[in-house]
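Model, not experiment: these values are computed from the prediction.
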Amino acid sequence: MNEISWADFERVELRVGRVVDARPFPEARKPAYVLHVDFGPQLGIRKSSAQITRRYTPESLVGRLVVAVVNFPRKQIGPLMSECLVTGFHDAAGDVVLCVPDGEVPLGTRLA
């Protein structure tokens with residue numbers, strides 16, 4: 001494992017947002033959804049591609065809180081310009097389980 005400094009960690013903007021729209025992303029190479037995530041008035045709504053189709057349906061994602069990196073450069077993924085990276089963990093089967101707060105927090109709150 002490579003160690004990073006505290007200063008490196010402080011540069012990563014991990015923030016909580018709420019999924020306001022989730023749709024299939026048929027143009028993606030691997031099965032994925034396009035997510036629209038609301039990070040509150042300061043950051044607004046940002047788009048992301050998420051390969052989470054094996055554990056989640058679009059309907060189950062809308063309204064859910066997620067944790068995302070919001071300060072990566074935008075990334076072109078097929079026809080989508082991804083504006084954030086929604087985080088998760090691989091389970092024993094290799095499927096992604098979303099990283100989520102354990103309770104309600106204001107949208108845009110930074111990971112402490």
Side-chain angles (χ1 to χ4, degrees):
M1 174 173 33
N2 293 326
E3 289 186 359
I4 64 171
S5 70
W6 185 255
D8 291 333
F9 176 71
E10 287 181 317
R11 293 177 51 213
V12 180
E13 292 270 338
L14 285 158
R15 300 214 178 224
V16 67
R18 186 177 308 281
V19 177
V20 294
D21 189 41
R23 297 179 188 197
F25 187 15
E27 301 90 352
R29 287 187 209 155
K30 295 181 181 179
Y33 297 130
V34 174
L35 305 181
H36 289 85
V37 183
D38 183 1
F39 292 98
Q42 185 182 26
L43 297 172
I45 296 174
R46 298 196 178 187
K47 295 178 283 190
S48 184
S49 171
Q51 296 174 359
I52 56 175
T53 60
R54 294 182 56 174
R55 290 192 60 112
Y56 303 95
T57 64
E59 299 79 21
S60 72
L61 291 165
V62 173
R64 186 181 286 262
L65 291 176
V66 294
V67 175
V69 178
V70 297
N71 66 330
F72 280 148
R74 293 179 183 195
K75 182 177 182 179
Q76 190 74 47
I77 302 173
L80 175 74
M81 183 61 74
S82 181
E83 301 169 315
C84 65
L85 175 68
V86 175
T87 61
F89 301 94
H90 288 100
D91 66 12
D95 301 329
V96 176
V97 178
L98 291 171
C99 178
V100 299
D102 193 28
E104 286 291 320
V105 294
L107 299 181
T109 299
R110 186 171 180 182
L111 181 75

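- Residues satisfying the salt bridge (charged side-chain N to carboxylate O under 4.0 Å, His left out) test with E27, not counting sequence neighbours, are none.
- For D102, the side-chain hydrogen bond (donor to acceptor under 3.5 Å, both in side chains) test picks out no residue, with sequence neighbours left out.
- Qualifying salt bridge (charged side-chain N to carboxylate O under 4.0 Å, His left out) partners for R110, counting only residues two or more places apart in sequence or in other chains: E13.
- In terms of the side-chain contact (heavy atoms from CB on, under 4.5 Å) criterion, residue partners of L85 (sequence neighbours excluded) are, by chain and number, V69, F72.
- Within the 4.5 Å cutoff, the side chain of V86 has no heavy atoms near those of the V19 side chain.
- In this structure, D38 has no side-chain hydrogen bond (donor to acceptor under 3.5 Å, both in side chains) partners at least two apart in sequence or on a different chain.
- Counting heavy atoms from C-beta outward, L111 and V67 have side chains that stay 4.5 Å or more apart.
- Among residues two or more places apart in sequence or in another chain, the salt bridge (charged side-chain N to carboxylate O under 4.0 Å, His left out) test is passed with E104 by R18.
- Annotation: the span from K75 atom NZ to C84 atom SG amounts to 13.0 Å, rounded to 0.5 Å.
- Counting heavy atoms from C-beta outward, L61 and I52 have side chains that approach closer than 4.5 Å.
- Considering only heavy atoms from C-beta on, L65 comes within 4.5 Å of L107 through its side chain.
- Distance check, rounded to the nearest 0.5 Å: CD of Q42 to CZ of R15 gives 5.5 Å.
- Alongside M81, the hydrophobic cluster contains no other residue (criterion: ILVMFWY side chains under 4.5 Å).
- Contacts of A7 classified as side-chain contact (heavy atoms from CB on, under 4.5 Å), with partners at least two apart in sequence or in another chain: S5.
- Taking every heavy atom of both residues into account, P26 and P24 meet most closely at CD-O, 3.3 Å.
- Cluster annotation: V16 is not connected to L35 through the hydrophobic network of ILVMFWY side chains, with a link wherever side-chain heavy atoms come within less than 4.5 Å.
- Here the CG-OG distance, from L80 to S49, works out to 6.0 Å after rounding to the nearest 0.5 Å.
- When the side chains of ILVMFWY residues are joined at heavy-atom separations under 4.5 Å, either directly or via intervening members, V37 and V12 end up in two distinct hydrophobic clusters.
- Residues forming a side-chain hydrogen bond (donor to acceptor under 3.5 Å, both in side chains) with S60 (at least two apart in sequence, or on another chain): T57.
- Using a 4.5 Å heavy-atom threshold, the side chains of R55 and V97 count as touching.
- Residue pairs meeting the ring pair (Phe, Tyr, Trp, His ring centres under 6.0 Å) criterion with at least one partner in residues 9-59, sequence neighbours excluded, are W6-F9.
- The side-chain heavy atoms of H90 and V96, taken from C-beta on, include a pair separated by under 4.5 Å.
- With Q51 contributing its side chain and A32 its backbone, the two residues share no donor-acceptor pair below 3.5 Å.
- R29 is linked by a side-chain hydrogen bond (donor to acceptor under 3.5 Å, both in side chains) to nothing, counting only residues two or more places apart in sequence or in another chain.
- When the side-chain contact (heavy atoms from CB on, under 4.5 Å) test is applied to R23, the partners found at least two apart in sequence or on another chain are D21.
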